**Q** 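Just passing along the structure, written as structure tokens.
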There are 2 protein chains.
Amino acid sequence: MFKDAFVTETPPVKTPARNRRPLTLRDVSEASGVSEMTVSRVLRNRGDVSQATRERVLEASKELGYVPNKIAGALASQRVNLVAVIIPSLSNMVFPEVMTGINEVLDETPLQPVVGVTNYNPEREEKVLYEMLSWRPSGVIIAGLEHSDAAKAMLKAAGIPVVEIMDTDGQAVDACVGISHRRAGRKMAQAILKAGYRNIGFLGTKMPLDHRARKRFEGFTEALAKEGIEIADREFYEGGSALAKGREMTEAILKRTPELDFLYYSNDMIGAGGLLFCLDQGISVPGQIGLAGFNGVELLDGLPRQLATMDACRAEIGRAAARIIAERSAEDGESGGGERIELTPKIQPGDTLRRR
Amino acid sequence: MFKDAFVTETPPVKTPARNRRPLTLRDVSEASGVSEMTVSRVLRNRGDVSQATRERVLEASKELGYVPNKIAGALASQRVNLVAVIIPSLSNMVFPEVMTGINEVLDETPLQPVVGVTNYNPEREEKVLYEMLSWRPSGVIIAGLEHSDAAKAMLKAAGIPVVEIMDTDGQAVDACVGISHRRAGRKMAQAILKAGYRNIGFLGTKMPLDHRARKRFEGFTEALAKEGIEIADREFYEGGSALAKGREMTEAILKRTPELDFLYYSNDMIGAGGLLFCLDQGISVPGQIGLAGFNGVELLDGLPRQLATMDACRAEIGRAAARIIAERSAEDGESGGGERIELTPKIQPGDTLRRR
DNA sequence: TACGCTTATGTTAGCGATAAAGATCGCCTT
DNA sequence: AAGGCGATCTTTATCGCTAACATAAGCGTA
């Protein structure tokens, strides 16, 4: 592709002098001797263009190194093939997997995801959303059901498909795909009780804005309460390496409350840290103490013992959300809306939850 | 923010009937009784607008829930505040950290990163790049120095700042920020030799397209060769949980070549797996066998023993790259170009590389 | 031969914003 | 009192592309 034009070495400190203004359709049109419209048709594979012209145009376009200007295209056609994806974080393993699911589906469509990160901060979420909506995307996939009033208003007013993901415990603006974290918490509590554990500790994060962790915790305590049991102790962390924090917290909580016989971690990473700590200390797992985490991250496969956990269906959530957007933006009629998909996470007992 | 307008509950299955067409500057202009231009000025904080008008416009805009159309704005002003960030993967811990560094810097500017993922696939990279360039971003940050000819041509022709990150071993299109992986491999080899290890095994990934891993390997073997030593055995993996693969590979290589006294892993995750395996087996580390990985991921902090590794300066690479783009797009003169920043990774000997 | 029909291409009029230059108005200066 | 000036706003002309309609040429057929 236009190799010849640019073989010169880049001078050490200056950008290669490139005073030519960016190429437009007109340049290609002139180079190939047809109208701009025809070039546009060729480049988008639209309408009838003779094979001969098509080839001529493609060649000219390649020759020049023309890259269409989607900004102008989008403005003219009132169509933008972008999907805004708004998530709290990229660094905790769970969202990258959701992204993978989204990509998997969108790859088969003309749509393209654009990611925005909020750091679990509602103000940032609002800003990111505003920013993204100002590009008039074809749809929005956004994590969680909790948003500021302004954010909700924007989502509703945008007039595009909106899918809220990860969580189904609450009222969605439009569609939603996820699991019930409250239910997930309850189910884990039931499994723990059924296994005969009674002195249960909880270890989680300090983030009051991680609503899904909160809901799991609520579901968890609720199910315990139903059997007349209360959490015996709890421990929270913030920042730092989750694995290391898991160790520290486990040490601290066991020192403070040695009679604990089960530790429920709000995510797998700290759970793994806890597991490593127990093994180091020669604490028998799951005999003396049982452990469980949440998420079903791949990492767990490599641990000395398999941590009990619950799969959060991350990739499938991504896939389902993308499918909703893709379908609705295909049939451009004001058709669907309000889809609600609740997936069911399964407990993976692993080796740290004794069975009976 | 326009709470009153949308308090109605969403009907269960249909999108709220919203036949109003998307809002434009004209709507705000009519609602506030000034020209579109004035509204535009207010919304961008440009030029002189009286306090009274400003307030009136802002109120009307809020009332209506107007979100500016950046597509139109960008076309008119020939300015796009987007920075294309093109990376191979989101799932391996290293790029999210680079992203964090980028965000940190760009947050203080009007620029916004847009991420594209290539999955270490050159064709995909080319496509993603084309797609991104068609939005006419203000700059490109792209991982690696190896790109298809077409991709390189596009980068040069785009006429915008381009920063190639992670790697400095090669010829950059424009600017570049990273570390020398070849050098990193050499340094680790030297440290290993200095510690007295002689039977060295290498464990890595099967990806022929991970050029940085390849260069580390080359540097590594080169430095060994200088001392007349060759790699005694090697093992490669692909796919699956890196931690688990690290275990498996370690078991396999030690079974095949029991006399190995050092294992060099191409990333920390498999290194951690190897470490866990050795500890499980009661192999004395670093006495009987030494271990080292690469990257300096946070995860390592929580392991029973600290894996020797080398920090890849991920966040700093992101920051430096973003700074280059930000600076160049501020002073819009065709100023800089060709910056080259080579960071120096430091060995973190941890507990798995014996000292003498 | 003229008519309709298909296929291939060109023309015109925006899309929704912004840059740049022009219009108003009150107020000060000399 | 005429001119000048700054502050505030409006007008006009794009930006690069595409939808929708218009045109032209070729061909079979009544």
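The sequence lines fix the lettering, A, B, ..., with proteins before strands; numbering per chain opens at 1. If you're wondering where the values come from, they're calculated on a predicted model, not measured in any experiment.
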**Q** With heavy atoms under 4.0 Å as the rule, sort B:T38 into base, sugar-phosphate or nothing.
**A** base

**Q** Starting from C1' on C:dG16, measure out to CD on B:E30 and report it in whole angstrom.
**A** 14 Å

**Q** From CG of B:D48 over to C1' of D:dA7, roughly how many Å is that when rounded to an integer?
**A** 6 Å

**Q** Does the side chain of B:S50 get closer than 4.0 angstrom to OP1 or OP2 of D:dC9 through an N or O atom?
**A** yes

**Q** Is there a side-chain polar atom (N or O) of A:T53 under 4.0 Å from OP1 or OP2 of C:dT9?
**A** yes

**Q** Is a side-chain N or O of A:S138 found less than 3.5 angstrom from the main chain of A:V83, in a donor-acceptor match?
**A** no

**Q** Please state how far atom CH2 in A:W135 lies from atom P in C:dG16, giving the value in whole angstrom units.
**A** 16 Å

**Q** Not counting sequence neighbours, which residues clear side-chain hydrogen bond (donor to acceptor under 3.5 Å, both in side chains) with A:E108? List them please.
**A** none

**Q** Quick check against the 3.5 Å criterion: does B:D167 have a side-chain atom that pairs as donor or acceptor with the backbone of B:L145?
**A** no

**Q** Apply side-chain contact (heavy atoms from CB on, under 4.5 Å) to A:L82 and B:W135, showing your working.
**A** CA-CA 11 Å; A:L82 299 176; B:W135 289 100; 3.9 Å; yes

**Q** What string of B, S and - do you get for nucleotides 12-26 of chain D, 5' to 3', if B is base contact, S is sugar-phosphate-only contact and - is no contact with any protein heavy atom under 4.0 Å?
**A** ---BBBBBB------

**Q** With a 4.0 Å cut-off on N to O distance, would you call A:E30 and A:R26 a salt bridge?
**A** yes

**Q** Decide yes or no on side-chain contact (heavy atoms from CB on, under 4.5 Å) for A:N45 and A:R54, but give the supporting numbers first.
**A** CA-CA 9 Å; A:N45 286 308; A:R54 155 164 283 118; 3.7 Å; yes

